[in-house]
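The block underneath contains the structure these notes are about, expressed in structure tokens.
Counting convention: from 1, in listed order, for ligands and their atoms alike.
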Amino acid sequence: MRPLRARMACAVENADLRQRLDKALTHTIAAREDRVRERADWEALRDAAAARRRHALERLPDLLEEFERNATASGARVHYAQTAGEATDLVAGFTGRPAAPLVKSKSMVTEEIGLRIALAGAGIAVVETDLGEYVIQLANSTPSHIVAPVIHLSAGDIARVFRSELGLDIPEDNDPRTISLAARAHLRDAFLRAEVGMCGANFLTAAEGAVVVCTNEGNAGLCTSLPRRLIVVAGIEKVMPDLASLHECLVLLASSSTGQRQNCYLNILRGPRAGGEPDGPDSVDIVLLDNGRSALLGDDGLWESLACIRCGACLNACPVYGVTGGQAYGWVYPGPIGIVLSPFLGSPEGRAMADACTLCGACGDVCPVRIDLPACISHVRARGAPRLPGIPSAAAAAFSTSPFGLLAGLVRARSRRQGRVRLGPARAWSLGRELPPCSGVPFRRLWRDEGGDDE
Ligand code: SF4
């Protein structure tokens, strides 16, 4: 994989990509804003959801125990996986060698651990059944958005994939409805033949031992009710106290992700089918994945990012994501939340992703569960950014008489004369931007006047 900076630069040069992103994001942002306007209690919903998610994280060990107890009582088997490798081994073990491909609904956590690819390596075929994920699978590509995996593709691109990979007869007008119906007819056979189904979880509820899955296509309902065996893979942070505690999160998830009042389908799964029930699996295995989440929970500056409900609103609002799309980030979680999760959940980029942020604050403004994303990203940067040789820390620069200290004085002097900063290499950049004038008093003098010391 090329370096992050090169991938970003290449994406920025792609005018078609920018145009498609702009069209899709403009539509999604407007739809979300419609929902915000029509709910007088929007901010109260955010407060409540933020409090509920944080409260659940504070009680995480207890809630996981309660979830395990109640899920087991309803007939499911609950397993814990510390790493991606453990999770894929567990799933491969449950799956065995089914006669037909396993059908799977969209799940970010399975993308995170590369489950489909790992199972393919073990000789187990998987069919993605979410339309966007199916296109990604057929195109041998990667998702570009955590909610809309093919946000970077046009209807024509998708039609071409179906024609070339499946031989589907799709008319040249590339009508999205025709494309969807052709894909649906093709996938129907996979649903009917599958012996094993798989899904992720938007939430787990401890009191009911339930797995909650929100979708708009109905494919999760088929994946979880037609095959005789069901495997669920979920991050440990998904657990909430009970179904009643989901109310605000469900409203905010639908509104913030796609601008809907509610998702089209809400599946609440509890154990295998009971005697006499016509639908549902005979066995349910639930894999609860850590993969860095416990370490993240223990991080004072970043733990609240585990409250994320994966709505994607921060991606939509991010000006960097808006011109590069998600694939340039090189990891399954792009955009602001991806930057925050990257040091813990196994991003190949690690902390370097934090450089792909302008700290404009737009992500924090829209986050429905009030994660302070700009503060989290600053935290990732402060802890992780390798310091280039010869460049001192901000604190040292503030107090030094080194070239950095002198540069600060120079900027201040220019600012007094010009009213704004246009200096040296920053000149071209500053031509299109109005920066506030610098303070006339050096920071170190203010600091010392307040009684601070140079250490
Ligand atoms: S961090 Fe907030 S805005 Fe971003 S995906 Fe998560 S819940 Fe949505």
Looking only at protein heavy atoms, which one is nearest to atom 3 (S) of ligand 1, and how far off is it?
Cys314 N, 3.4 Å
Distance col, row Glu165:CD vs Arg160:CZ, nearest 0.5 angstrom, shows 12.5 Å
Which label fits Tyr321 and His145: parallel for a plane angle under 30°, tilted from 30 to 60°, or perpendicular past 60°?
perpendicular
Any idea which atoms of ligand 1 are less than 4.0 Å away from a heavy-atom of Ile337?
1 (S)
Side chain to side chain donor-acceptor pair (under 3.5 Å) between Lys106 and Thr215, worked out:
CA-CA 9 Å; Lys106 181 172 175 299; Thr215 68; over 6 Å; no
Close approach, Ser256 and ligand 1, non-hydrogen under 4.0 angstrom
no
Quick one: does NZ or CZ of Arg310 land under 6.0 Å from the six-membered ring centre of Tyr333, within 45 degrees of the ring axis?
yes
N/O/S of Cys367 less than 2.8 Å from atom 2 (Fe) of ligand 1?
yes
Checking side chain to side chain contact (heavy atoms under 4.5 Å, CB included) against Cys311, which of Cys249, Ser256, Ser255 comes through?
Ser256
Name the closest protein heavy atom to atom 6 (Fe) of ligand 1, giving the residue it belongs to and the distance to 0.1 Å.
Cys308 SG, 2.3 Å
Testing the 3.5 Å rule here: is there a donor-acceptor pair between the side chains of Gln82 and Asn291?
no
Starting from atom 8 (Fe) of ligand 1, what is the nearest protein heavy atom, named by residue and atom, and what distance separates them?
Cys311 SG, 2.3 Å
What protein heavy atom sits nearest atom 7 (S) of ligand 1, and how far away is it?
Ile309 N, 3.4 Å
Contacting atoms of ligand 1, where contact means under 4.0 angstrom from a heavy atom of Gly312
5 (S), 8 (Fe)
